[in-house]
Amino acid sequence: MFKKFIRRPVLSIVISLIIVFLGILSLVKLPVTQFPSISPPKVNITAEYPGANNELLIKSVVIPLERGLNGVPGMKYMTSDAGNDGEASIQIVFDLGTDPNVAAVNVQNRVSSVVNKLPPLVVREGVKITREEPNMLMYINLYSDDPKADQKFLFNYADINVMSELRRVSGVGFADILGTREYAMRIWLKPDRLTAYNISADEVMESLNEQSLEASPGKTGRAQGNVHSLSNMF
């Protein structure tokens, strides 16, 4: 067979040109994925339990969620993490080729089936389910030459004016600011004093909720309630 191509060089050239032409035609006409999926899809579950430590998070949050999520269709493996800051996270890795939208729906259904087994405070804070890649793609530094613009000002400026624009960029799954410098009143508890007075973090939060009041004062200069006019009838 090879002797035929050697003895007939014209035939070899024609066949080569046809193969090149078909390759160019396929490259132009056939759809090609610009960014193919080279990593398996992942679904992240985040739960917050204010005032809980690592051990309490594992027993009351992580273990019930893992039991409910185990065996979700297409799951390859899952990893979990719990810290002493009251936040626990579970990452589920699915087989390559699994539709991430379908995987997120299946995870949502599994979480909904076991949410009644979680502590009420965790249910109130909400269990967040996201399907973006946990690896950070880009860091953006924000700075100002104005000496009056401190870190708190830059944090809140980025939170109000920059983050909303970044989240609307196509392809951005999640954008967040490292650190917590949002304008708020923060209360730091001393574990030793709580133990001495036999007070839990839940009781402190209940006391704060009882003493915090949001009222609608109305408008300045306007009387409250209905104003009735009386007149004599003749």
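Keep in mind it's a predicted model, so treat the numbers as computed, not measured. Every heavy atom of this structure was used, including side-chain atoms; hydrogens, water molecules and symmetry mates were not. Position 1 is the first residue of the sequence, and the numbers go up from there.
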same_hphob_cluster(Leu22, Val14) at 4.5 Å side-chain heavy-atom cutoff: yes
Same cluster (ILVMFWY, side-chain, under 4.5 Å), Ile187 and Tyr197: yes
Rounded distance [0.5 Å steps], CD1 in Ile90 versus OG1 in Thr46: 9.0 Å
Donor-acceptor pair, side chain of Asn54 and main chain of Ala82, under 3.5 angstrom: yes
Side-chain heavy-atom pair Leu118, Tyr49 within 4.5 angstrom cut-off: no
Distance-minimising heavy-atom pair for Ala52 and Leu57: CB-CG, 4.1 Å
Close side-chain approach of Leu154 and Ser144, heavy atoms under 4.5 Å: yes
Taking every non-hydrogen atom, the tightest pair across Val61 and Pro119: CG2-CD, 4.3 Å
Shortest non-hydrogen separation from Gly71 to Met75 and the atoms involved: N-CE, 3.7 Å
Euclidean distance, Ile177 CD1 relative to Leu166 CG, rounded to 0.5 Å: 9.0 Å
Check: Leu142 and Tyr157 side chains under 4.5 Å, non-hydrogen atoms: yes
Neighbour count above 12 (heavy atom, 6.0 Å) for Arg167 CZ: yes
Spacing of Asn84 atom CG and Glu55 atom CD [to the nearest 0.5 Å]: 10.0 Å
Met205 backbone acceptor or donor facing Asn209 side chain under 3.5 Å: yes
Nearest non-hydrogen partners of Gly74 and Thr98, listed with the distance: O-OG1, 4.3 Å
Atom pair CG (Leu194) and OG (Ser200), whose distance is rounded to the nearest 0.5 Å: 8.0 Å
Linked, directly or transitively: Leu208 and Ile199 (ILVMFWY side chains, under 4.5 Å): yes
Heavy-atom check, side chain of Val107 versus side chain of Phe94, under 4.5 Å: yes
Atom of Ala47, atom of Val127 and distance for their closest heavy-atom approach: CB-CG2, 4.4 Å
Side-chain touch Ser89/Ile45, heavy atoms, less than 4.5 angstrom: no
Side chain to side chain donor-acceptor pair (under 3.5 Å) contacts in which one or both residues fall within residues 106-122, not counting sequence neighbours: Gln108-Ser112
Closest contact, heavy atoms only, Leu56 versus Ser60: O-OG, 2.6 Å
Met78 with Val93, same ILVMFWY side-chain cluster at under 4.5 Å: no
Spatial distance of atom OH (Tyr77) from atom CG (Asn70) [nearest 0.5 Å]: 15.0 Å
Single-linkage hydrophobic cluster, 4.5 Å side-chain cutoff, Val123 and Ile129 together: yes
Asp146 CG: over 12 foreign heavy atoms closer than 6.0 Å: yes
Check: Val43 and Thr130 side chains under 4.5 Å, non-hydrogen atoms: no
Between Glu203 and Ser207: side-chain donor-acceptor atoms closer than 3.5 Å: no
Any Pro120 side-chain heavy atom under 4.5 Å of Arg124 side chain: no
Euclidean distance, Leu65 CG relative to Ile58 CD1, rounded to 0.5 Å: 12.5 Å
